[in-house]
Every structure is written in C-alpha cells, then in structure tokens.
Amino acid sequence: MEIVTRAPRMTLLSREARARGERIGFVPTMGALHEGHLSLLRRARQASTLVVMSLFVNPAQFGPGEDFQRYPRDLARDADLAREAGTQILYAPEEREVYPPGFGTAVTVETLDSVLEGAGRPGHFRGVATVVTKLLNRVSPHVAFFGQKDAQQAVLVRRMVRDLEMDVEIEIGPTVREADGLALSSRNVYLNPEERRAAPVLCRALRRAESAIVSEEERDPERVLSLIRETVATEPLVSLEYAAVVDGDTLRPLEKIRGSVLVPLAARLGATRLIDNILLKVEE
Ligand code: AMP
C-alpha cells in the first residue's frame, strides 16, 4: 500500500491505473477506522482491481462548536487496518493543499442539504459535497462507496453525481452494527460507560418502527414517530433531536408510508451526537 499525501501524485497514479485498464474503487473516510469502513473497503476490493481509500478530516463539514479539533486521529493505526482490508493506495491529503489560500468554490445540493441533519448543522453538507467532489476529481474512480449509516449523505452524493453528470458509480453499503445494535461510528469512543449502555435504544427504536411498518402494516408516519419517541424516552440519558419518516430519494416527509421509506434520527447523549436510520421498501 502506498501512502500518498500530494495531490499531483494521486492524479498520476490514477491516470496510470486507468491506462493499465484497472477498475478503481474508492472509499472516502475521515479515518478512525472501524468495521463500517472496513466493510466498504472489502466491497471495493470485490468490485474493483485497485482500491483507494482517502483519509481526510474535512474541516469544512464541521460547524463551530463541533468536534473537529478532538476528532480521533491515528494515521498509523488506520494505515494498518486499511492495508489489511485490501487498500492499495491511501490518499491522505494535507489541509493546505485541499483548501489553499484563496479557495472560494462550494458545491451545494440545494434540494437536500438544509433538511434533517442539514437543519441542525448548517453548512455541513456543503462541506461534504465540496470535498467529495474534490476527492472524486483527484482519485477519478470508476466506483465510489458510501455507508447507509450516513443516509442523507448517501442520498445527497447520488443526487450530486446525477446533477453534475459525474462519471462515477455510487454504491451504498449497509450499516454495520455492534452486537447490541449500536451503529458503528468513530464518535462512539466519546461515550462514557453509562451512555454506551444507553445508546442501543436508538437502534431498538428504529427496529420497533420497522416492525410496526412491516409486520403490523402501520402506514401512518405520526404513529411510527410516536413509537420511536416513546422508545427513546425510556432512556433518560438519550435526548432525541429529531426523527422523521421521509421519502428515500427526495427526503420529503411522507404523508403515507409507501415506496422508498427512510426513517432517520439524531440524538444527543451528553456531549455526543449520534445518528442512525433504517431504509425500507414498502409495497404500494
Ligand atoms: P466517515 O469516516 O465517518 O466520514 O465515514 C466514511 C464512510 O464510512 C462513510 O461513507 C460512512 O457512511 C461510512 N460508515 C460510517 N459508519 C458506518 C457504519 N457503521 N456502517 C457502514 N458504513 C459506515
């Protein structure tokens, strides 16, 4: 595995790989790798002949007061895990090269970036869309892999790639969870033992919603949301920021549960903010 920190070197390697006829699979990350990231790298290995992972803690997607400074960073550990999972190029650009003096362009997906996560984190998705565009330009992959864990990011990246006619396939890998249901996240390390014990209530709430929709044929979004709120309320350490029942492509609230149904939520446990979601296909 080669660790690349300079952008022109990344472009050169990518051009050479394309000229050799390689299929480039790309997994963008902010590091602090866990099994969720590794599952995407394994998918990339299966679907491509050259696996590139980027590691960049993108300041543009953190708001003021968010955890940019204390976000966990350990390049040596991440490099070992990435290598073991089959990464051939680890692209870890430097901030001053990604955002040089005078940098002034942003990508915004206006229909999707101000709702749900975007409502509470203004500018977050503009930061995501901009850096993903830059990374896709640099790495020039045939296929890029994102996790369902960040459902809105997945929807937004797909939309952006379609809207801007970017020549890349987008694949979404399923959410990887701990045995007790907690979705893996680099931020889980912030949880103290009591918060860690309480956190799986988010997954339990989503499973309760799923079973109401699938087994009990509940079609009223408000009743599904009530079930989620009731379940989360059983854990006093967890405060629900939002839960919603939305269309899985447009992120618009559903009046009736049918089609592609996304149920995303965000919650706070002390100083830590966690998100999770389920995506269902519901017969008309
Ligand atoms: P991050 O390093 O948090 O930016 O995440 C990098 C990629 O890994 C994103 O596409 C995430 O959606 C994905 N990811 C993060 N956590 C998980 C998880 N638990 N399961 C699957 N994918 C994940």
Side-chain angles (χ1 to χ4, degrees), residues 25-47 51-63 66-68 70-75 77-79 81-82 85-87 90-93 95 98 112 116-117 121 124-136 139 141 143-161 168-191 196 199-200 202-203 206 248 262 264-266 272-279:
F26 177 44
V27 180
T29 82
M30 298 204 300
L33 299 187
H34 52 62
E35 199 48 47
H37 302 109
L38 302 182
S39 71
L40 295 178
L41 289 170
R42 288 188 205 106
R43 290 175 86 91
R45 197 174 53 188
Q46 277 174 3
V51 177
V52 181
M53 185 190 96
S54 64
L55 194 171
F56 181 62
V57 184
N58 175 31
Q61 70 189 69
F62 288 79
E66 290 188 2
D67 55 345
F68 176 67
R70 69 173 185 138
Y71 198 82
R73 291 166 172 88
D74 187 344
L75 177 61
R77 173 184 174 274
D78 286 340
L81 288 170
T87 304
L90 170 53
Y91 179 44
E95 197 180 316
V98 180
L112 301 172
L116 305 171
E117 280 300 280
R121 305 182 70 191
H124 169 69
F125 286 114
R126 166 205 283 253
V128 170
T130 303
V131 84
V132 169
T133 300
K134 287 173 66 80
L135 291 167
L136 291 174
V139 175
V143 51
F145 296 82
F146 294 82
Q148 179 59 31
K149 160 79 189 341
D150 297 279
Q152 187 170 0
Q153 171 174 281
V155 172
L156 184 126
V157 167
R158 275 192 194 285
R159 183 76 255 165
M160 175 183 85
V161 163
V168 59
E169 286 169 39
I170 302 297
E171 296 260 338
I172 309 301
T175 302
V176 179
R177 298 175 181 282
E178 302 278 9
D180 61 11
L182 176 63
L184 295 191
S185 163
S186 306
R187 293 189 164 101
N188 291 351
V189 297
Y190 300 152
L191 301 172
R196 173 63 190 83
L202 299 176
C203 174
L206 290 171
L262 177 67
L265 57 74
T272 307
R273 189 171 179 283
L274 299 181
I275 58 170
D276 200 350
N277 70 87
I278 48 167
L279 178 64

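Remember, it's 1-based here, ligands and their atoms both numbered in the order they're listed. Below, all heavy atoms of this structure are taken into account, side chains as well, without hydrogens, waters or symmetry copies.
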Glu66/Arg121 salt bridge by N-O under 4.0 Å criterion: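 Yes.
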Contact check, side chains of [X] and [Y], non-hydrogen atoms, under 4.5 Å:
X: Val27; Y: His37; result: no
X: Val155; Y: Gln153; result: no
X: Phe56; Y: Glu95; result: yes
X: Met53; Y: Leu41; result: yes

Atoms of ligand 1, numbered as shown, that sit under 4.0 Å from any heavy atom of [X]:
X: Thr29; answer: 2 (O), 6 (C)
X: Lys149; answer: 16 (N), 17 (C), 18 (C), 23 (C)
X: Thr175; answer: 20 (N), 21 (C)
X: Phe146; answer: 10 (O)
X: Met30; answer: 1 (P), 2 (O), 4 (O)
X: Leu184; answer: 16 (N), 17 (C), 18 (C), 19 (N)

Donor-acceptor pair, side chain of Asp74 and main chain of Arg77, under 3.5 angstrom: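 Checking the backbone N and O of Arg77 against the side chain of Asp74, a donor-acceptor pair under 3.5 Å is found.
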At the 4.0 Å heavy-atom cut-off, does [X] count as touching ligand 1?
X: Glu35; answer: no
X: Ala154; answer: no
X: His34; answer: yes

Nearest neighbour of atom 6 (C) of ligand 1 from the list Gly147, Pro28, Pro174, on a heavy-atom basis: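 Considering heavy atoms of Gly147, Pro28, Pro174, the nearest to atom 6 (C) of ligand 1 sits in Pro28.
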Option whose closest heavy atom lies nearest to atom 2 (O) of ligand 1, chosen from Arg177, Gln153, His37: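 That would be His37.
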Cationic tip of Arg45 above Phe145 ring, under 6.0 Å, 45° of axis: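 The answer is no; the distance or angle limit is not met.
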Nearest non-hydrogen protein atom, atom 20 (N) of ligand 1: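 Checking every protein heavy atom, the shortest distance to atom 20 (N) of ligand 1 gives Val176 N, 2.8 Å.
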Closest approach of any protein heavy atom to atom 11 (C) of ligand 1, naming residue and atom: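 For this ligand atom, the closest protein heavy atom is Asp150 OD2, 3.1 Å.
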Between CG on residue Asn277 and CD on residue Gln148, distance to nearest 0.5 Å: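 So the gap between those two atoms works out to 4.5 Å.
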Rounded distance (nearest 0.5 Å) linking atom CD of Glu171 with atom CG of Leu40: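 Reported value, rounded in 0.5 Å steps: 10.5 Å.
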Which segment of Leu40 sits under 4.0 Å of ligand 1 when only heavy atoms are counted: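 It is the side chain that gets close, since no backbone atom is under 4.0 Å.
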